[in-house]
There are 2 protein chains.
Amino acid sequence: MDTSYYHNFVTLVNTGNMTRAANRLHLTQPALSKQLRYLEAEFGTPLLHIRRGQRGSSFQLTEAGHIFYEKAKQLCAIEIAAYSDIEGLVHNAII
Amino acid sequence: MDTSYYHNFVTLVNTGNMTRAANRLHLTQPALSKQLRYLEAEFGTPLLHIRRGQRGSSFQLTEAGHIFYEKAKQLCAIEIAAYSDIEGLVHNAII
DNA sequence: TAACTTTACGAAGATCGTAACAATA
DNA sequence: TATTGTTACGATCTTCGTAAAGTTA
């Protein structure tokens, strides 16, 4: 599992719309949609209930989706901390 | 970055030897070696100092390596929790 | 029917394993 | 020189984007 999938899911939930999320992530909708379907297959359960219509679309997090969303945020935070902590170390060493 | 890279780095450090770690992970040494080099390139600094010789090899974690090791363990723990929490949810729903 | 998601499929890129090479106590 | 790690390179697999089809208020 690529960590970008966690990050992209968080962005998707925060954005509330797959098309706009894909634009923000510099991805196409099909790519992001496939990532979501991959996650749901990997975890064995739906994460979102998506409703489409003429006036736009919306979705609700399933119970599993809520859990995954929280875990994904934690995982992304740790990865970001890894980068920044190590970068801070390297930077200080140079000075 | 695939989360398996974090997991494999943790196993590498815990094993203390690239060949044995690769065997445990059902990977070849070259594949694991490339993963380490990828991580070092990605984070911009060496993570291990490896010493080779006739009687085997050993390595020391660099300072950045120590930080990465701790973060990698945390990240893996969160991913494992995501799987188990969601699986527990699905399992309970079935009952 | 408008707005959006999903599926199909070909192409580009990533990553593995095998084999050969390099390094060091 | 024995025991590792590293490079080179071809093959396989993955995942993206484009285009077409499907879905629903």
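Protein chains get the first letters and strands the later ones, always in sequence-line order, with residue 1 at the start of each. Because only heavy atoms are used, hydrogens play no part in the values below, and waters and symmetry mates are left out as well, while side chains stay in.
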- request: Could you pull out all residues at least two apart from B:N23 that satisfy side chain to side chain donor-acceptor pair (under 3.5 Å)?
  value: none

message: What's the separation between atom CG in B:L89 and atom CD1 in A:I67, rounded to the nearest 0.5 Å?
response: 4.5 Å

Using atom types as modelled, flag every donor-acceptor pair under 3.5 Å from a side chain in residues 34-41 of chain A to any protein atom, sequence neighbours excluded.
residue	atom	partner	partner atom	Å
A:Q35	OE1	A:N8	ND2	2.9
A:E40	OE2	A:L47	N	2.8
A:E40	OE2	A:L48	N	3.4

message: So, using salt bridge (charged side-chain N to carboxylate O under 4.0 Å, His left out) as the criterion, who are the partners of B:D85 when residues are at least two apart?
response: A:K71

- prompt: Under 4.5 Å between any side-chain heavy atoms of B:S57 and B:M18, yes or no?
  reply: no

field: Interface with DNA chain D, restricted to residues 26-46 of chain B and to heavy atoms under 4.0 Å
entry: B:Q29, B:P30, B:S33, B:R37

Tabulate below the donor-acceptor pairs under 3.5 Å that side-chain atoms of residues 74-81 of chain B make, not counting sequence neighbours, or state none.
residue	atom	partner	partner atom	Å
B:E79	OE1	B:T3	OG1	3.1
B:E79	OE2	A:Y6	OH	2.6
B:E79	OE2	B:T3	OG1	3.1

- prompt: Which heavy atom of A:A21 sits nearest a heavy atom of A:L32, and at what distance?
  reply: CB-CD2, 3.8 Å

- prompt: Axis-to-axis angle across the helix from C:dT1-D:dA25 to C:dA25-D:dT1, five pairs an end, to 10 degrees?
  reply: 40°

task: Return the minimal non-hydrogen interatomic distance between B:A64 and B:P46, and the atom names on each side.
output: CB-O, 4.0 Å

- request: State the CE-OG distance between A:M1 and B:S4, to the nearest 0.5 angstrom.
  value: 11.0 Å

Compile the donor-acceptor pairs under 3.5 Å between side chains in residues 24-31 of chain B and protein atoms, sequence neighbours left out, one pair per line.
residue	atom	partner	partner atom	Å
B:R24	NH1	B:T15	OG1	3.3
B:T28	OG1	B:A31	N	3.4
B:Q29	NE2	B:T19	OG1	3.2

field: Residues forming a side chain to side chain donor-acceptor pair (under 3.5 Å) with A:E42, sequence neighbours excluded
entry: B:Y83

task: Scan A:R52 against the nucleic acid and name what it touches under 4.0 Å (heavy atoms): base, sugar-phosphate only, or nothing.
output: base

field: B:Y69: side chain to side chain donor-acceptor pair (under 3.5 Å) partners, not counting sequence neighbours
entry: B:N14

query: Counting only non-hydrogen atoms, which of residues 8-20 of chain B are less than 4.0 Å from DNA chain C?
result: none

- prompt: Taking any atom under 4.0 angstrom from a heavy atom of chain A, which nucleotides of DNA chain D are the first and last to qualify, 5' to 3'?
  reply: D:dT15 to D:dA25

message: Assess the residue pair A:T45 and B:I86 against the criterion (side chain to side chain contact (heavy atoms under 4.5 Å, CB included)); give the C-alpha distance rounded to whole Å, side-chain angles, the decisive distance to 0.1 Å, and a yes or no.
response: CA-CA 8 Å; A:T45 184; B:I86 291 175; 3.6 Å; yes

Span of DNA chain C in contact with chain B (heavy atoms, under 4.0 Å): C:dT15 to C:dA25

message: Within this structure, what is the CZ-CZ distance for the pair B:F68 and B:F9, rounded to the nearest 0.5 Å?
response: 6.0 Å

- line: Smallest heavy-atom separation, A:L12 atom then A:F59 atom, equals O-CZ, 3.4 Å

